[in-house]
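Below: the structure, in structure tokens.
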Number of protein chains: 2
Amino acid sequence: MQMKATAITPTGLKAVCSQCNLRELCLPFGLTGEEIDRLDELVAGRRKVRRQHHLYSAGAPFEAIYAIRAGSFKTDVLLEDGREQVTGFQMTGEILGLDGISSETHSCNATALEDSEVCVIPFGQLEELSRQVESLQHQFHKVMSREIVRDHGVMMLLGSMRAEERLAAFLLNLSKRFMARGYSPAEFHLRMTRDEIGSYLGLKLETVSRAFSKFQDEGLVAVHQKHIRIIDLEGLRRLLTHCAKQT
Amino acid sequence: MQMKATAITPTGLKAVCSQCNLRELCLPFGLTGEEIDRLDELVAGRRKVRRQHHLYSAGAPFEAIYAIRAGSFKTDVLLEDGREQVTGFQMTGEILGLDGISSETHSCNATALEDSEVCVIPFGQLEELSRQVESLQHQFHKVMSREIVRDHGVMMLLGSMRAEERLAAFLLNLSKRFMARGYSPAEFHLRMTRDEIGSYLGLKLETVSRAFSKFQDEGLVAVHQKHIRIIDLEGLRRLLTHCAKQT
DNA sequence: GGCAAGGGTTGACGTGGATCAAACCGATAC
DNA sequence: GTATCGGTTTGATCCACGTCAACCCTTGCC
């Protein structure tokens, strides 16, 4: 029988960045082994989040950021009248919670799309360590900046693209991220509903569904519910670059 | 005749945060006098940017971030086919260039909307100093996080609001920012064209123009070209919270 | 097995904002 | 003064996407 010497978290396991196969995608990227060990020390442990449950909610006090160890999440903001805008879908190795730094309060909700697990990184300690470890500081700044660049991409999508371009961009983006994680870039399972995709892309679920069907008819992808197989990657890319007005 | 002892910049002036009336809105916020002096040391000087000129362009190597000392800017991203998406309008005290950190290359264009001036903050040195000065580190993180939260707001706007709501939100946001700078929140001059507003809001300039006219007809604002006077602030706010479907 | 519930698809129709086009306005240039 | 030009306004028409509604498929429960 196994002893649980460091049963300090709900999962009974201490996070260990150095052993984590996501470290190249995550905060430890670019750190030396010794530096990663120091990062390990401050990771307060892991936390499991069940499907449909919140990791944090808008208005909650900000204390830590989170690295996704398993599973996936969506973040969204709500308007007073109930309208929801999904601001992003996050997968393993990606960091959640950066929105909370500015006001010391979370400004959006983070919800697990499937049973998931995160590493909890207390923010005050992260700042402290990144004052000592230059490469950690730099990597953290890069992570934040990447989020800003990503957001600009979404604005481009929402502000300047038509429905099919948006969906194509969405699929290509997912494909790329699955590939970076060692999964097939051509075949994957969507964790979110049509409604959530629609909210993210600024479309109604019916429009998303129709666009999927159209892609299928055109032989670009094979869609079976949430299962996606990309057949013609180049075709999708072409859709993106000059669809709007095929001048 | 006056000597220019520190003529190290095009403007012949060393930036001095401690003397700057924008410091409460800018990077020095929350620093002690002594800490601000250290920040002063690293500000490489000021740079003037003429109306319509670029402060930096997409693809340019990233070396510094910029604090706007006078004037205003827009940032935009371009698609291969020429479509433009304005990702933000920045005014005095706000920080430009954060997009460049992630890839060490700027990912958008920053263009002066009027003759403007920025303080140049070499990024490597900023990171170095913020390893020593905790309050600077924290304030910098807040600035980056604020940008992320702002971007989420724009996504909300682009993804879930109708034309008039978007314009109302835009005007209210400008109003708030002018107020924070000691200007009238009710009466101001737009520095951007209808086309640029449209690009930012995901609308065509004609739609922006029509929405302005509608607001005018309804007695919400007085519009004279680029001069705006907000007459009914509450009315604009009301538009925002439950216009979509007045259920 | 039947049946309920939640998500997805598809069709018919309506509409908000895009598009196209003309005119207007205020600057600056001559 | 007139011409020019960039930006803006306004009107007429169009179409991409939203809305509403029916139906289907899958899963889980009794």
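Every chain is numbered from 1 and lettered A, B, ... according to where its sequence line falls, protein lines coming before strand lines. Excluded from the calculations below are hydrogen atoms, water molecules and symmetry mates; all remaining heavy atoms, backbone and side chain alike, are included. Values in this document were obtained by computation on a predicted structure and should not be read as measured data.
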- Query: Between A:Arg69, A:Arg177, A:Arg146, which is the residue that forms a salt bridge (Lys or Arg N to Asp or Glu O under 4.0 Å) with A:Glu94?
  - Reply: A:Arg177

- Message: Looking at B:Arg210 and C:dG16, is any side-chain donor or acceptor paired with a base atom of the opposite kind under 3.5 Å?
- Response: no

- Message: Can you give me the closest heavy-atom contact between A:Pro185 and A:Ile230, atom names plus distance?
- Response: O-CD1, 3.8 Å

- Rounded to whole angstroms, how far apart are CG on A:Leu205 and P on C:dG11? 16 Å

- Query: Checking all strands, does A:Gly198 fall into the base, sugar-phosphate, or nothing category for heavy-atom contacts under 4.0 angstrom?
  - Reply: nothing

- Query: So, is B:Thr207 near the phosphate of C:dA18, with a side-chain N or O under 4.0 Å from OP1 or OP2?
  - Reply: yes

- Message: Just verifying a value: how many Å separate B:Leu190 CG and B:Phe188 CZ, rounded to the nearest 0.5 Å?
- Response: 6.0 Å

- Message: On the side chain of B:Arg194, is there an atom forming a donor-acceptor pair with the base of D:dT10 - under 3.5 Å, no angle test?
- Response: no

- Taking the side chain of B:Val223 as its heavy atoms from C-beta onward, which of D:dT9, D:dT26, D:dG7 lies nearest to it? D:dT9

- From D:dG7, C:dG7, C:dT9, pick the nucleotide closest to the side chain of A:Thr193? C:dG7

- Task: Check the distance between D:dT19's P and A:Arg83's CZ and give it to me in whole angstrom.
- Result: 11 Å

- In terms of side-chain heavy atoms of B:Leu203, which of D:dG7, C:dA18, D:dC17 is nearest? C:dA18

- To the nearest angstrom, how far is B:Leu113 atom CG from D:dG6 atom P? 18 Å

- Task: Any chance you could lay out the salt bridge (charged side-chain N to carboxylate O under 4.0 Å, His left out) test for A:Glu165 and B:Arg83, step after step, and finish with the verdict?
- Result: CA-CA 13 Å; A:Glu165 296 178 277; B:Arg83 275 177 287 175; 2.6 Å; yes

- Message: Can you measure B:Asp217 atom CG to D:dT9 atom C1' for me and round it to whole angstrom units?
- Response: 12 Å

- Task: Could you work out which one of C:dG8, D:dG7, D:dC17 sits closest to the side chain of A:Ala163?
- Result: D:dC17

- Message: Closer than 3.5 angstrom, by distance alone: can the side chain of B:Arg47 be matched with the main-chain N or O of B:Leu55 as a donor-acceptor pair?
- Response: yes

- Query: Can you check the B:Phe212 CZ to D:dT8 P distance for me, whole Å?
  - Reply: 9 Å

- Minimum-distance nucleotide to B:Arg162 side chain [options: C:dG8, D:dT8, C:dG17]: C:dG17

- Task: Answer with yes or no whether B:Glu206 presents, from its side chain, a donor or acceptor under 3.5 Å of a partner atom in the base of C:dC20.
- Result: yes

- Grab the CE-C1' distance between A:Met192 and C:dG8 for me, whole Å please. 16 Å

- Whole-Å distance, A:Lys204 NZ to D:dT19 P, equals 5 Å

- Item | Spacing between A:His224 atom NE2 and D:dC25 atom C1', to the nearest angstrom | 11 Å

- Query: Would you say a side-chain N or O of B:Ser209 is under 4.0 Å from OP1 or OP2 of D:dT10?
  - Reply: no

